[in-house]
Amino acid sequence: AQIMRDDLVAVDRALIALSTGKGDAAETLERLRVLVHDLKGSAGSFGFHFVSLVAECLYDLVAIIKTPEPRMLILLRDHRDSLEIACRTN
């Protein structure tokens, strides 16, 4: 469970970087994609299937984003919040 909380902090950092325009957006999106993919796999491996499903939705969203437009950032934050709720319920 601590690993998932640490991953959520890393997701937050990536979303802040995208929102503020700090760093290279493509690199940040790639880092976010890899992070969420790893979280999805780890959660599934440890039996947190609901967390894994929510992480998969976030992963799918990150995978289609080319540029961090404001409406996409809102969707990313909403999915991130859903992921936090899923982590709390497991």
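FYI, the numbering just counts along the sequence from 1.
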I3 CD1: over 12 foreign heavy atoms closer than 6.0 Å
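Check fails, neighbour count at 12 or below.
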Distance from [X] atom [atom1] to [Y] atom [atom2], nearest 0.5 Å?
X   : Y   : atom1 : atom2 : value
T89 : F48 : OG1   : CZ    : 10.0 Å
L29 : K66 : CG    : NZ    : 9.5 Å
L83 : M4  : CG    : CE    : 8.5 Å
T20 : L15 : OG1   : CG    : 10.5 Å
D81 : L8  : CG    : CG    : 9.5 Å
D38 : D7  : CG    : CG    : 7.5 Å

Is it true that [X] and [Y] fall in one hydrophobic cluster, defined by side-chain heavy atoms closer than 4.5 Å?
X   : Y   : answer
V36 : I74 : no
I64 : V11 : yes
F50 : L39 : yes
L76 : I85 : no
L75 : I16 : no

Is there side-chain contact between H79 and C57, with heavy atoms separated by less than 4.5 Å?
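In contact.
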Compare every heavy atom of [Y] with every heavy atom of [X], then report the nearest pair and how far apart it is.
X   : Y   : value
S82 : V54 : C-CG1, 3.8 Å
R77 : S19 : NH1-OG, 3.1 Å
L73 : P68 : CD1-O, 3.7 Å
S52 : G44 : CB-N, 3.8 Å
A10 : L35 : CB-CD2, 3.5 Å
A14 : L32 : CB-CD1, 4.1 Å

Thinking salt bridges, do R31 and E27 make one under a 4.0 Å N-O criterion?
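Salt bridge between R31 and E27, a charged N being under 4.0 Å from a carboxylate O: no.
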Can you check whether R33's main-chain N or O pairs, donor with acceptor, with H37's side chain at less than 3.5 Å?
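Side chain of H37 to backbone of R33, a donor-acceptor pair under 3.5 Å: no, none is there.
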Look only at the side chain of T28 and the backbone of A17, and say whether a donor-acceptor pair between them is shorter than 3.5 Å.
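Checked: no pair found.
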